[in-house]
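Notes follow the structure.
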Amino acid sequence: MALTTSAEAPLPVGEVSRMIGGWIDRLGAVWVEGQITQLSRRPGAGVVFLTLRDPSHDVSIGVTCYRQVFDAVADVVSEGARVVVHAKPEWYAPRGQLSLRAAEIRPVGIGELLARLEQLKRGLAAEGLFAPERKKPLPFLPGLIGLVCGRASAAERDVLENARRRWPAVRFEVRNVPVQGVKAVPQVIQAVRELDAHEDVDVIVVARGGGSVEDLLPFSDEQLVRAVAACRTPVVSAIGHEPDTPLLDLVADLRASTPTDAAKKVVPDVGEELERVRGLRDRALRSVRGLLDREERGLAHAMARPVMEDPQRMVEVRRDELDALLARSRRVLGHLLDRAESELAHTRARVRALSPAATLERGYAVLQRTDGTVVRAPEEVAEGEELRARVAGGEFTVRRTADDEK
């Protein structure tokens with residue numbers, strides 16, 4: 001529909017509507033699944049009007065069909081039923097309205113719904129959404145509990161009353177939403193996300209009483225399951241009765257068989273906790289008393305020893321031993337010093353006898369070059385080279401002459 005238009009050359013509304021209708025007429029028939037939210041079947045009218053809604057999204061579309069098409073399923077189809085419709089898109093130009101013209105309507109049976117749920121369950125499980133390691137632990141005593149339930153429902157009453165009976169100071173943040181029908185899924189999702197974003201909410205409970213498989217279908221919706229899986233706050237599923245197992249039970253962090261069971265699992269019983277505290281206190285008191293008794297007996301036993309009756313006796317016994325050890329150590333140390341002194345004198349004498357200074361005192365001299373090296377042979381000294389002669393009384397300078405080689 002490539003058109004050239006401008007503010008000076010616009011298209012009339014009728015022309016635009018006609019062109020849209022022409023494009024839609026070229027579309028083929030499609031199979032569409034949804035839930036009937038409105039049904040207008042006027043007596044004597046040849047056309048039946050339906051509104052088909054997506055249970056997972058806030059999207060709906062009008063459907064029209066001839067009376068004989070609807071009469072074929074009129075006994076099993078009513079508002080709220082899920083159906084599959086074979087229809088062709090139509091454009092009603094005078095109102096600019098899109099609708100579907102149904103040529104066949106098929107109700108979705110329970111068996112087919114359960115088969116689809118089982119297929120969805122396997123797919124979500126393969127993604128790991130039901131894995132035990134994803135489950136978050138519930139807080140021992142939540143400060144604020146988020147509750148998603150129907151308005152003035154038995155589930156709401158059961159959760160609130162049982163929770164407050166167990167812990168009177170418990171607080172709730174309640175979101176009342178439809179728990180069945182076409183509006184249930186989007187509003188439950190919105191409520192769960194609001195509570196998950198609430199900073200003070202420590203745990204979220206999604207509760208609903210029992211019902212048929214069709215009534216509990218919203219709690220097996222894929223969008224709701226994924227929304228709960230994405231929550232950072234622990235979620236408790238309390239849907240229906242014990243045999244009911246919607247997919248929400250599998251993705252939730254904790255499954256409660258009933259709303260009453262959810263209250264018991266989320267909130268501790270104040271009486272039981274007080275009794276547990278009393279038991280722990282008594283146990284601690286017994287432990288402390290037992291410890292004190294053992295220490296008292298040990299202290300009495302220690303005080304009954306002879307050393308405690310006469311503490312100085314131990315010192316007196318050890319005093320003589322200490323004096324003897326001191327005298328012995330002095331004698332041994334004196335012997336060691338005498339021996340060391342004698343060995344030192346002998347060593348000093350040997351050192352003096354072997355030292356260069358003693359040699360010099362006997363009349364010998366040491367010749368050294370100016371760099372300090374010692375002369376050991378005549379050929380090491382050049383003619384005229386000055387040497388330093390070191391004797392016992394000091395040193396003086398000498399020079400080698402030519403006659404010295406002879």
Side-chain angles (χ1 to χ4, degrees), residues 29-90 92 95 97-120 148-155 176-190 206-225 239-241 243-248:
V30 292
W31 287 98
V32 182
E33 181 183 354
Q35 190 172 17
I36 298 177
T37 58
Q38 293 181 353
L39 175 59
S40 178
R41 187 183 181 192
R42 300 174 182 176
V47 178
V48 177
F49 296 91
L50 312 172
T51 299
L52 204 61
R53 187 182 184 90
D54 188 331
S56 301
H57 302 85
D58 191 11
V59 178
S60 59
I61 190 170
V63 179
T64 61
C65 65
Y66 291 112
R67 191 176 189 89
Q68 57 269 26
V69 174
F70 186 80
D71 286 343
V73 293
D75 296 337
V76 293
V77 170
S78 60
E79 287 190 6
R82 289 203 178 194
V83 294
V84 175
V85 176
H86 189 237
K88 185 180 184 304
E90 284 188 345
Y92 186 60
R95 295 184 181 176
Q97 183 176 357
L98 176 66
S99 63
L100 298 176
R101 170 71 69 171
E104 183 180 357
I105 300 176
R106 296 181 183 180
V108 179
I110 297 298
E112 186 176 356
L113 287 174
L114 293 178
R116 292 182 185 178
L117 288 181
E118 185 62 28
Q119 183 179 4
L120 177 60
V148 181
C149 58
R151 185 180 302 278
S153 61
N176 293 122
V177 296
V179 291
Q180 68 182 59
V182 294
K183 297 182 178 180
V185 172
Q187 294 199 25
V188 171
I189 292 176
Q190 180 181 356
V206 182
R208 187 202 189 283
S212 63
V213 176
E214 295 91 335
D215 293 339
L216 300 182
L217 280 178
F219 298 98
S220 293
D221 184 84
E222 181 179 359
Q223 301 300 321
L224 176 58
V225 171
I239 306 300
H241 301 300
D244 300 323
T245 54
L247 298 185
L248 181 62

Heavy atoms of P246 and F219 approach each other most closely as CB-O, 3.6 Å
Item checked: Greater than 12 external heavy atoms within 6.0 Å of K88's NZ -> yes
Note: V73 and P107 closest approach over all heavy atoms is CG1-CD, 3.9 Å
Interatomic distance, CZ@F49 vs CD@Q38, rounded to 0.5 Å, equals 12.5 Å
For R101, the side-chain contact (heavy atoms from CB on, under 4.5 Å) test, sequence neighbours excluded, returns V47, T64, Y66, E90
Here the pair of heavy atoms bringing A155 nearest to G209 is CB-N, 3.9 Å
(message) Could you tell me if the side chain of L120 sits less than 4.5 Å from the side chain of S220, heavy atoms only?
(response) no
Would you say the side chain of L52 lies within less than 4.5 Å of the side chain of V83, judging by non-hydrogen atoms?
yes
Distance col, row L217:CG vs Q35:CD, nearest 0.5 angstrom, shows 8.5 Å
Nearest heavy-atom approach of V48 to L39 is CG1-CD1, 3.8 Å
Rounded to the nearest 0.5 Å, the CZ atom of R53 sits from the NZ atom of K183 at a distance of 6.5 Å
Checking V85, T37, I105 against L50 for side-chain contact (heavy atoms from CB on, under 4.5 Å), the one that qualifies is I105
### 4.5 Å side-chain heavy-atom contact, R67 and R41
yes
- Is any side-chain heavy atom of E104 less than 4.5 Å from a side-chain heavy atom of W31? yes
Heavy-atom closest pair (C149 atom, V179 atom, distance to 0.1 Å) is C-CG1, 4.0 Å
Across all chains, not counting sequence neighbours, the side-chain contact (heavy atoms from CB on, under 4.5 Å) partners of L100 are V32, I61, V63, A87, P89
